[in-house]
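Shown next, in C-alpha cells, is the structure this report addresses.
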Amino acid sequence: MHIFKFSRKSLGIPYLVFLIFFVVLPLLVLFYFAFTNGQGRFTFSNLTGFFTDPNAIGTLAYSFAVAIVTTALCLLIAYPSAYFLATAGFRREGVLLLLFIMPMWINFSLRITALKEILTVIEGNLAKFPFLNAVVGMTYDFLPFMILPIYNTISRLDPSLIEAAKDLGANDRSAFLKVTLPLSMPGIISGVSMVFLPAMTNYVVLDMLYNSTYIMGSLIGSYFSAYNWHGGSMIALILLAIIIVFNILTGGSDDSKTSGAGGSLL
Amino acid sequence: MTKSFKRLFIILVLIFLYAPILILILYSFTSSTTIGAIRGFSLQNYVTLFTTPELRNMIIGTLLLAVGSAAIATLLGTLGAIGSFYSSRRLGIVYNSLNQVPVINADVVTGFSLCILLVEVLFIDKDTFIPLVAGHVVLCAPFVYLSVIPKLKQMDSYIYEAALDLGATPFRALRRVVLPQIASGIISGFALAITLSLDDYFIATYTKPSTFDTISTYVVNATKGSQTSIKTALWALCAVIFVAVVLVVTVSNLRSAKKEETEEHAV
C-alpha cells in the first residue's frame, strides 16, 4: 500500500484544485458560451451583436464616462484629504484615518440607501440628473478606497527628501510638484484601479439610486434575468478584456487591493 | 495653505461621508417615513427589525454565510499559501497568478461565470447553497492567501529546519513552529474575509437560492419596493451596523495599541 508522506508542498494542493475548479474552469466555460449559440455551435454573432447594438455601445460609452468622471472626482477629493492627513501633523491622525476608512466596513447597500434618502430631499426626483447622481453615488461609495492607498504612500515618504529639495532652493510649490507628487504615484495608481473598474461594473449603485441599468455590469444582469447565457457571457468577456487591458496599463495591481480593502488596519 | 484650511477640508469630506448615515440613524428613532419633518421619538423600527422573521432570518443568514465561508476560505487560503511558499519557483508563480485572477476580476464576472459553470453546466441546484458558499470562498480565499504570504516571507526559514533537527515531525514542526509565526496574517485574513463576504452583492445575487437573502441583496430589493415599514426598519439596521462597526474598530485598535505598548516596554 502506498503510504502518504507528509510534505509542506502538498498542503497547497487543495487550494490549487479549488482555484482550478472554481476560478479557471468558470472562465473557460464563459469563453465557450460567449462563442457559441443556443445549439452549441461556434459563432461570432454574440461579439458582432454587441458591437452593432447601438444600445450596448451607448452603455459601454456611458460606463466609461461615469467611471472616468467618478475616478477623477475621487482623486480630486482623496488626494488633498490624504495629503493633509499625512503631512499637517494633526493631533489625532490615527483616529482621523480610521474615520475615513470606516465606511468601507459598513454595508454599501445601507450607505447608498442613506445617500438616496438625502439626495431625494435635495433634488426631489433623482432620475432628473442621472449622470450627476451616478457620479455622486459612486464617489460616495468608493472614496475610502482611494484615500487609503494614497495616504499609505504619502505617510511613508521620507521627510528629509522635502527638506533636501528646500535646501537646494525649491519653494513649497515646486517641492510638492517635483518630489511629493511623483513619489506618491504608486498610491494614486492603486487608488485609481480600486475605483475605476468597480465604477464601470457596479451597476447596483445606479439601480438603487434611480432604477437605472444604463451601465456595463447591468447588461450582464439583464441577460441573466432573460436566461440568455451566451449574450451575457460575451458581455462578461468584454468586461474581462477591459479589466486585463486596464491592469496592464497600470502595471499590475500587486497587493494594493489587500491594503486597500483595509486588511492591514484590522 | 494654513492648517485651518486643511482642517476645514478634512472636516468637509468627513461630513460628506457621514452626514447621510448619521441623518438616517437619527430618523430611525422617529416615526417618520421620509426624511423631512421629524414626527416624534419612536422605537418601532427597532421592534420591527428584531421581530419580523423575514428580517431576522436575513441578518442571521448573512452572518452565518460570512463566518462559514470565511472559515473555509481561511483554511484553504492558508494551506495554499504554505504550499505555494515551499513549492518550486515555477509552481509558486502558478499559485500567485491563479490567486490574482479573482482579486483583479470584477465581482459581476466572477459571480456570473460561477453561476454558468455550477448551475447551467453541472446542474447543481442553487438551493443547496453550494454555488453561494463556493462563490464567497472564491471571493475571500485569495485575500487570506495574500495576507499569509508576507508573514511566511518574514519568517526565519531556519527555525523549521531546527525543529526537524531537534526531532519534530514535519507536521508537528509546522503546527508548533510555523503556525504561530504566521498567526497574525491568518487572523487578519479571516477578518478581511468576513468583511468581504458581508459587503458582497454581485456574487450572492448570481449564486444564491431564490428564497435566501443576504443583507445586501435584501436591501437592494427593498429600496425598490414600496413597503414602508420594512424600509424604515432598514434604517434601524443601518444604525445597528454602524454601532457594531464603531465598536469593533475601537476595540481592535485599543487592543493593538496596548499590544504595541507592552512590546515597547519589553524591549
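Predicted model only: the values in this text are computed from it and were never measured. A, B, ... follow the sequence lines: proteins, then strands. Residue 1 opens every chain.
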TODO: Using a cut-off of under 4.5 Å on heavy-atom pairs, state which of Val101(B), Val178(B), Asn221(B), Val137(B) scores highest against chain A.
DONE: Val137(B)

Open item on the list: Which one wins on heavy-atom pair count under 4.5 Å against chain A: Ile241(B), Thr217(B), Val220(B)?
Closed with: Val220(B)

- [ ] Identify which part of Tyr223(A) has an atom lying under 4.5 Å from any heavy atom of chain B, answering side chain, backbone, both or neither.
- [x] neither

Open item on the list: Quick check for you: to the nearest 0.5 Å, what is the distance between Leu114(B) atom CG and Phe21(A) atom CZ?
Closed with: 9.5 Å

Task: Nearest-0.5 Å distance, CH2 of residue Trp105(A) to CZ of residue Phe242(B) - done: 12.5 Å

Task: Ser233(A) versus chain B, the contacting section by heavy-atom distance below 4.5 Å - done: both

Open item on the list: Rounded at 0.5 Å granularity, tell me how far CG in Leu17(B) sits from CD1 in Ile147(A).
Closed with: 6.0 Å

Task: Heavy-atom proximity to chain B below 4.5 Å, by part of Leu143(A) - done: side chain

Open item on the list: Looking at chain A, which one of Tyr201(B), Tyr27(B), Tyr95(B) has the largest number of heavy-atom pairs inside 4.5 Å, strictly under?
Closed with: Tyr95(B)

Task: Portion of Ala141(B) that has a non-hydrogen atom of chain A nearer than 4.5 angstrom - done: both

TODO: Could you tell me which portion of Phe108(A) (side chain, backbone, both or neither) has an atom closer than 4.5 angstrom to a non-hydrogen atom of chain B?
DONE: both

Task: Segment of Phe85(B) engaging chain A (4.5 angstrom heavy-atom cut-off) - done: neither

- [ ] Heavy-atom distances under 4.5 Å only: say whether Arg7(B) touches chain A with side chain, backbone, both or neither.
- [x] both

Task: Toward chain B, the part of Ile77(A) with a non-hydrogen atom under 4.5 Å - done: both

Open item on the list: So for Ile13(A), is it side chain, backbone, both, or neither that comes closer than 4.5 Å to the heavy atoms of chain B?
Closed with: backbone

- [ ] Find the one option among Leu19(A), Ile118(A), Leu30(A), Asn107(A) whose heavy-atom pairs under 4.5 Å with chain B are most numerous.
- [x] Asn107(A)

Open item on the list: Counting neighbours of CZ on Phe90(A) that are heavy atoms of other residues, nucleotides or ligands and sit closer than 6.0 Å, is the number greater than 12?
Closed with: yes

TODO: Using non-hydrogen atoms and a 4.5 Å limit, figure out which bit of Leu198(B) sits close to chain A: side chain, backbone, both or neither.
DONE: backbone

Open item on the list: Using heavy-atom distances under 4.5 Å, tell me whether Val204(A) contacts chain B through its side chain, its backbone, both, or neither.
Closed with: both

Task: Worked check of side-chain contact (heavy atoms from CB on, under 4.5 Å) between Leu14(B) and Leu96(A) - done: CA-CA 9 Å; Leu14(B) 285 176; Leu96(A) 280 175; 3.9 Å; yes

Task: Which atom of Lys9(A) lies closest to which atom of Tyr86(B), heavy atoms considered - done: CG-O, 3.2 Å

- [ ] Identify which of Thr201(A), Ile244(A), Leu237(A) forms the greatest number of heavy-atom pairs closer than 4.5 Å to chain B.
- [x] Thr201(A)

Open item on the list: As an exercise: rank Gly221(A), Gly94(A), Ser81(A) by heavy-atom pairs under 4.5 Å with chain B and give me the winner.
Closed with: Ser81(A)

- [ ] Look at atom CZ of Phe176(A) and say whether more than 12 heavy atoms of other residues, nucleotides or ligands are closer to it than 6.0 Å.
- [x] yes

Task: Rounded distance (nearest 0.5 Å) linking atom CE of Met104(A) with atom OG1 of Thr195(B) - done: 9.5 Å

Task: Region of Val246(B) that comes under 4.5 Å of a non-hydrogen atom in chain A - done: both

Task: Contact leader toward chain B among Asn202(A), Leu197(A), Ile235(A), where contacts are heavy-atom pairs under 4.5 Å - done: Asn202(A)

TODO: Would you mind reporting whether Asn253(B) and Leu98(A) have side-chain heavy atoms less than 4.5 Å apart?
DONE: yes

Task: Heavy-atom proximity to chain A below 4.5 Å, by part of Leu22(B) - done: neither

- [ ] For Trp229(A) and Cys115(B), run side-chain contact (heavy atoms from CB on, under 4.5 Å): C-alpha distance rounded to whole Å, both residues' side-chain angles, the deciding distance at 0.1 Å, then the answer.
- [x] CA-CA 10 Å; Trp229(A) 308 106; Cys115(B) 170; 4.1 Å; yes

Open item on the list: Does any backbone or side-chain atom of Ile72(B) lie under 4.5 Å from a heavy atom of chain A? Answer side chain, backbone, both or neither.
Closed with: neither

Open item on the list: As an exercise, state the distance from CG of Leu16(A) to OG of Ser84(B), rounded to the nearest 0.5 Å.
Closed with: 9.0 Å

Task: Least distance between heavy atoms, Leu79(B) atom then Leu11(A) atom - done: CB-O, 3.4 Å

Task: Which atoms of Tyr218(B) approach chain A - backbone, side chain, both or neither, heavy atom under 4.5 Å - done: neither

Task: Portion of Leu24(B) that has a non-hydrogen atom of chain A nearer than 4.5 angstrom - done: side chain

Open item on the list: Can a side-chain donor-acceptor contact be found between Asn99(B) and Tyr15(A) if the only test is distance below 3.5 angstrom?
Closed with: yes

Open item on the list: Given heavy-atom pairs under 4.5 angstrom as the criterion, report whether the side chain, backbone, both or neither of Val121(B) touches chain A.
Closed with: side chain

Open item on the list: On a heavy-atom basis, which atom in Val219(B) and which in Ser109(A) lie closest, and how many Å separate them?
Closed with: CB-OG, 3.5 Å

Open item on the list: Quick check on Phe16(B) against chain A: is it the side chain, the backbone, both or neither that has a heavy atom closer than 4.5 Å?
Closed with: both

TODO: Please report the shortest heavy-atom distance between Ala106(B) and Ile243(A), naming the atom on each side.
DONE: N-CD1, 3.4 Å

Task: Proximity breakdown for Phe22(A) and chain B, heavy-atom pairs closer than 4.5 Å - done: both

- [ ] Would you name the heavy atoms of Phe9(B) and Leu76(A) that are closest together and state the gap between them?
- [x] CZ-O, 4.4 Å

Open item on the list: Quick check for you: among Thr110(B), Ile25(B), Ile21(B), which has the greatest number of heavy-atom pairs under 4.5 Å with chain A?
Closed with: Ile21(B)

Task: CG on Leu117(B) to CG on Leu25(A), rounded to 0.5 Å - done: 5.0 Å

Open item on the list: Could you check whether any side-chain heavy atom of Leu76(B) comes within less than 4.5 Å of a side-chain heavy atom of Pro14(A), counting everything from C-beta outward?
Closed with: yes

- [ ] For residues Ala134(B) and Phe18(A), report the shortest heavy-atom separation together with the two atoms involved.
- [x] O-CZ, 4.2 Å

